[in-house]
Student: 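Attaching a single structure in structure tokens format; questions to follow.
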2 protein chains.
Amino acid sequence: MLVQAAIRVIAAQGVAGATTRAIVAEAGMSLASFHYAFRSHAELMREVVSYVVDAEITSVFSSLRLGTDIRRALRDGLQAYLDYLIADPEHEQAMQELMHYALRTPGLESLAAEQYSAYLSGVVDVLTESAAAVPVEWAIPLPDIARLVVMTTHGVTLAWLADRDTAAAERVLDFAADSLAALAVLPIRSVT
Amino acid sequence: MLVQAAIRVIAAQGVAGATTRAIVAEAGMSLASFHYAFRSHAELMREVVSYVVDAEITSVFSSLRLGTDIRRALRDGLQAYLDYLIADPEHEQAMQELMHYALRTPGLESLAAEQYSAYLSGVVDVLTESAAAVPVEWAIPLPDIARLVVMTTHGVTLAWLADRDTAAAERVLDFAADSLAALAVLPIRSVT
DNA sequence: GTCATAATGGGTCAACTGTCCCAGACGTTT
DNA sequence: AAACGTCTGGGACAGTTGACCCATTATGAC
């Protein structure tokens with residue numbers, strides 16, 4: 001698939017390196033085949049941005065599973081994300097670059113907004129899902145919790161990409177898990 | 001100055017739009033004058049990255065002033081940053097794009113690391129400065145506090161740039177200020 | 001097999017990029 | 001006035017990019 005080839009190129013070379021020729025080379029195709037499938041390079045990039053949102057959410061935030069110990073569950077989920085980031089830094093780097101690309105490209109600004117709200121609702125889904133097993137009440141609305149999680153991951157991602165300080169990143173996640181857990185209002189074990 | 005013209009172009013058009021011609025046009029110069037001052041486009045971009053670090057730190061985080069009410073001081077400082085972001089979104093957008101540009105450009109990766117550590121020590125300076133007036137002790141090392149602040153601002157920046165939800169950003173900052181203030185150990189009013 | 005459709009390969013084009021060259025203008029020092 | 005280095009302007013160059021055209025080859029329905 002050309003879209004996935006494009007994502008690989010972006011991860012390896014950045015958005016600037018994702019030229020039509022580089023993408024078709026990665027996909028093992030010719031230029032003509034590209035313009036047979038897509039009207040233009042911009043059209044492909046639009047699909048790339050749309051695609052990565054869904055893929056990212058399911059692959060990354062699905063590891064966030066709440067349990068009885070909310071702090072530990074949050075911390076484990078955040079650690080899983082950090083492990084994912086360390087294992088494939090270029091991919092997360094590409095995600096943020098694509099976000100900035102969308103913000104800059106006429107006609108794609110709205111997609112950037114959708115991308116972000118998709119992140120949020122993705123985290124909301126995971127939290128809701130987990131809450132089905134062990135009900136948790138939060139001091140603030142669930143979407144706000146999700147926003148804090150997403151904000152944290154993005155911030156930690158940029159920091160780690162810049163200085164590769166894993167220990168510092170983990171200390172940040174410790175703090176984030178502690179602070180978020182403080183927003184959890186443990187439910188009474190009786191029927192409500 | 002060509003460096004500042006380049007920053008204006010990047011803020012207006014993004015890093016991809018910061019071509020040599022666009023920069024000299026913004027500066028009102030000719031191409032020859034560019035290559036008289038800089039050996040190459042890459043050399044200018046390196047100076048741009050170096051320049052923005054200092055400028056950014058002094059202009060943004062200087063508003064963070066601690067007082068007796070630590071939570072309020074933190075909240076005010078973060079709000080000042082948000083106001084700054086809203087007043088000139090393209091500038092902060094450019095900062096993050098430049099960070100990603102540095103991370104991708106061979107020979108500039110180390111500059112990205114320096115850029116980030118400069119952010120951190122800038123915040124440390126402000127916090128230390130404020131602590132001189134009203135001494136504050138923290139439950140974790142000061143550089144870690146600074147890292148949390150920087151992480152938060154970057155995360156909030158990306159979120160606001162994507163969905164422009166100012167109210168949500170302010171709720172995030174509420175949470176951040178609360179959580180950070182919880183790390184402050186108020187000093188005893190006697191001599192230690 | 002035949003034929004229409006889908007898909008591909010090679011080659012070409014204009015536009016844009018970074019870089020460089022060279023003639024000339026400017027200002028300062030003799 | 002003359003000479004010097006500093007700086008500027010216009011033009012040109014090769015390389016790369018997105019887009020496109022046309023001839024050719026699979027692919028599959030009948």
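All chains are named by letter (A, B, ...) in the order of the sequence lines, taking the proteins before the strands, and each is independently numbered beginning at 1.
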Student: How many whole angstroms separate atom CE of M29(B) from atom P of dG10(D)?
Tutor: 13 Å

Student: Between Y36(B) and dC7(D), does any side-chain N or O lie under 4.0 Å from OP1 or OP2?
Tutor: yes

Student: Ignoring backbone atoms, establish whether T20(B) has a side-chain N or O less than 4.0 Å from OP1 or OP2 of dT17(C).
Tutor: no

Student: Ring centres under 6.0 Å, that's the criterion: do Y116(B) and H154(B) meet it?
Tutor: yes

Student: If you measure from the Lys or Arg side-chain nitrogens to the Asp or Glu carboxylate oxygens, is any gap between R104(B) and E97(A) under 4.0 Å?
Tutor: yes

Student: With nearest nucleotide decided by heavy atoms, which residue, G17(B) or A32(A), maps closer to the 5′ end of DNA chain C?
Tutor: A32(A)

Student: Choosing from dG9(C), dA19(D), dG9(D), which nucleotide comes nearest the side chain of H41(A)?
Tutor: dA19(D)

Student: Please map the stems of DNA chain C, keeping only stretches of three or more Watson-Crick or G-U wobble pairs with both distances under 3.5 angstrom.
Tutor: C:1-30 with D:1-30

Student: Please state how far atom CD in E43(A) lies from atom P in dG18(D), giving the value in whole angstrom units.
Tutor: 15 Å

Student: How many whole angstroms separate atom CG of L31(A) from atom C1' of dT8(C)?
Tutor: 12 Å

Student: Calculate the interatomic distance between F34(A) atom CZ and dA6(C) atom C1'; express it in whole Å.
Tutor: 18 Å

Student: Give the nucleotide from the list dG11(D), dG18(D), dT8(C) with an atom nearest to the side chain of R21(A).
Tutor: dG18(D)

Student: Counting side-chain heavy atoms from C-beta on, which of dC20(C), dG9(C), dT8(D) comes nearest to H35(B)?
Tutor: dC20(C)

Student: Taking atom CD as the centre, does E137(A) end up with more than 12 heavy-atom neighbours from other residues, nucleotides or ligands that are less than 6.0 angstrom away?
Tutor: no

Student: Nearest whole angstrom, please: distance from the P of dC7(D) to the CG of L2(B).
Tutor: 13 Å

Student: Looking across every strand, which nucleic acid part, if any, lies under 4.0 Å from T19(B) by heavy atom: base, sugar-phosphate, or nothing?
Tutor: sugar-phosphate

Student: Between R75(B) and Q79(B), is any side-chain donor less than 3.5 angstrom from a side-chain acceptor?
Tutor: yes

Student: Tell me which nucleotide among dA19(D), dG11(D), dG9(C) gets nearest to the side chain of S30(A).
Tutor: dG9(C)

Student: Is there a side-chain contact between T152(A) and L173(A), using heavy atoms and a 4.5 Å cut-off?
Tutor: yes

Student: Could you check how far CZ of F38(A) sits from P of dT8(C), rounded to whole Å?
Tutor: 12 Å

Student: Going by the rule side-chain contact (heavy atoms from CB on, under 4.5 Å), which residues pair with I140(A) if we only count those two or more places apart in sequence or in a different chain?
Tutor: D144(A), I145(A), L148(A), L183(A)

Student: Under a 4.5 Å cut-off applied to non-hydrogen side-chain atoms, are R164(A) and P89(A) in contact?
Tutor: yes

